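Not measured: the values here are computed from a predicted model. Values below: every heavy atom of this structure, side chains too, minus hydrogens, waters and symmetry copies. As the structure lists them, so they are numbered: ligands from 1, and atoms in each ligand from 1.
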Amino acid sequence: MKNYEIAAIFKGIANILEIKNESPFRVRAYQKAAQSVENLTEDIALIAQRGDLTAIPGIGKDLAQKINEVLTTGTLKKYEELKKEIPPGLVEFLNIPGVGPRTAKVLYEKLGVTGIEELERLAQDQKLRNLPGIKAKTEENILKGIALLRKGRARFPLGSVLPQALNIVKVLSQEAPVERISLAGSTRRWKETVKDIDLLVSSPYPEEVMSFYTRLPIVAEVLVSGPTKTTIRTKEGLQYDLRVVEKESYGAALCYFTGSKAHNIRIRELASQMGLKINEYGIFKGERLLGGATEEEIFAAVGLPFIPPELREDWGEIEAAAAGKLPRLISPEDIKGDLHVHSRYSDGANTVAEIAAKARQMGLEWVVICDHSPSLRIARGVEITALKEKIAQIKTFNQKNQDVKLLCGAEVDINLDGNLDYPDEILKELDLVIAAIHTGFKQDEATQTKRLLSAINHPYVHIIAHPTGRLLGEREPYPINLELLCQACARAKKVLEINAYYKRLDLNDRASRAAAGYGVKLGIGTDAHAVEQMEFLQLGLRTARRGWLEAKDVLNTLSYRDLTAFLAKQW
Ligand code: DGT
Ligand code: CA
């Protein structure tokens, strides 16, 4: 998929235009285009083939032409020309989270710094703080940003690579001589970020499988090539490891390559205590092969029931399985709705009716349409008059439609002082209120916790959105005292969100599990700004499963009737 490549080009253009002091409107147009291309869940090449590029929000005729140019030639002439107008080091600085064009320009012009290593050294030696507009705090943020950049480069958010990975599984299973095929590794465990994609196949014709695989159009380079293991790198810089085994070993290999490493080690220890050996080829007693064609056989050999891949982290699943106390994990069929979808009333791309149609297609029973409150200007927050119209529109929609029910919600900003950005008179007219922090990310733990506590204790708030504010590879979580927040939520019967947008997954797996331990309910919201992003529900569900959650722990499992009853009781 070229989506990320194209988004990166548009972001790059926006940055260069900003450095060159070009019109803020042009800068904004490219930023917006980058965002909406990045948000697509469909391959942009397919959209282009259909001639639908201008249907993407923020993409007009001119940008559609540029996208087509990248799709056909692999580069964009305008971007290449622009890059020549500024020094290459400067472009690189802009990749550092928290470093904007203004800072980058000062660093270059005043100090002549041209590389990230050099910048890091100067920041460590506190040589930047005397430059105009740069304080000790900025220096600290630059160092944090560099660390984040390095970490982010090494791992990909799962949601950004999963569509391509699933597509490769599909192509291999349809067009190569494979018997069985599965994703493995961290991708199969649905870890929030992955270093590479592991694939496992059983086939009597490993050479043919490998030769087909290395000729896939995504391949930029073949790194390791052999009949049992082949590693390729895609044009986006992601590695795929494909292993081919015989069908007798498929289950053993699937267990082994799904991991995690810590989980595998525990399983092998159990085996050795029983006088058995388990490896990627099978279960052995001495030299004799006892089994290994299925994963169930592996677990049974060590006296355990099947452990779902999401739990295989050695976070207590082996003990729980041995004691017959594995959780009855929430499953895809349990999910009845999405708690957090943006519409055109604020910065979403779709109308209320389009959102309902998508929900219908996904088999959902209800959707909560949440838009931003007025203080979030960049997201076109909804003024009170417009919010009243929205309430009326949704009411009419529900009178006319029986299959999908819409709820009128809002994602209300929590101001710096802990107050909410809408008055109570309008909040109480809403079906559901999600409170969120979108400003003041740099405040300390005590202040941030206090802000959130006052939202939790606000009579009209139901859910706290993305409680830690982190963005994978871009922004560290702001500090909060999760324990205090959970206690307050449990007391006030408030819900913590599992924001399922692929860069957020916030709360994450571990924190969700901790929250449920306090008796707090979790609510999955995709934070979709375009209907395709409602598919991120899957990532939220998987995060919940990695957090050991059962259907009873998650608000999305309630029917429309039970949900409205629950929401009403909260007040
Ligand atoms: P990643 O790639 O960092 O996102 O995480 P994984 O879990 O996919 O790790 P990866 O790709 O290095 O290895 C895939 C699986 O192979 C891993 O989950 C377990 C297994 N594995 C790798 N190295 C070892 C090892 O040294 N010992 C054992 N027991 N298993 C290993
Ligand atoms: Ca891996």
Practice task
Find out whether the Lys NZ or Arg CZ of R312 is both under 6.0 angstrom from the six-membered ring centre of F306 and within 45° of the ring's axis.
Solution key: yes

Completion exercise
Of all the N, O or S atoms in D196, the one nearest to the Ca ion (ligand 2) is OD1

Problem - Neighbour count above 12 (heavy atom, 6.0 Å) for Y281 OH - result: no

Problem - Residues, nucleotides or ligands: over 12 heavy atoms within 6.0 Å of K277 NZ - result: no

Practice task
Examine D241 and say whether one of its N/O/S atoms is closer to the Ca ion (ligand 2) than 3.0 Å.
Solution key: no

Handout entry: D338 side chain to V367 backbone, donor-acceptor under 3.5 Å
Key = no

Exercise for the section: Would you verify whether the NZ or CZ of R546 falls within 45 degrees of the ring axis of W190 while also being under 6.0 Å from that six-membered ring's centre? Expected result: no

Practice task
Mark yes when over 12 heavy atoms from residues, nucleotides or ligands other than E246 sit less than 6.0 Å from its CD; otherwise mark no.
Solution key: no

Practice task
Answer yes or no: is there a side-chain heavy-atom contact under 4.5 Å between V209 and L242?
Solution key: yes

Ligand 1: which protein N/O atoms lie under 3.5 Å from its N/O atoms?
| unit_1 | atom_1 | unit_2 | atom_2 | d |
| --- | --- | --- | --- | --- |
| ligand 1 | 2 (O) | D196 | OD1 | 3.0 |
| ligand 1 | 3 (O) | R155 | NH1 | 3.0 |
| ligand 1 | 4 (O) | R155 | NH2 | 2.8 |
| ligand 1 | 4 (O) | S186 | OG | 2.6 |
| ligand 1 | 4 (O) | K195 | N | 3.0 |
| ligand 1 | 5 (O) | S186 | OG | 3.4 |
| ligand 1 | 7 (O) | R189 | NH1 | 2.9 |
| ligand 1 | 7 (O) | R189 | NH2 | 3.2 |
| ligand 1 | 8 (O) | S186 | N | 2.8 |
| ligand 1 | 8 (O) | S186 | OG | 3.3 |
| ligand 1 | 8 (O) | D198 | OD2 | 3.1 |
| ligand 1 | 11 (O) | D196 | OD1 | 3.3 |
| ligand 1 | 11 (O) | D198 | OD2 | 3.3 |
| ligand 1 | 12 (O) | K195 | NZ | 3.0 |
| ligand 1 | 18 (O) | R189 | NH1 | 3.3 |
| ligand 1 | 18 (O) | T258 | O | 3.4 |
| ligand 1 | 29 (N) | R268 | NH2 | 2.3 |
| ligand 1 | 30 (N) | N264 | ND2 | 3.4 |

Practice task
Kindly give the atom name of the N, O or S atom of D198 closest to the Ca ion (ligand 2).
Solution key: OD2

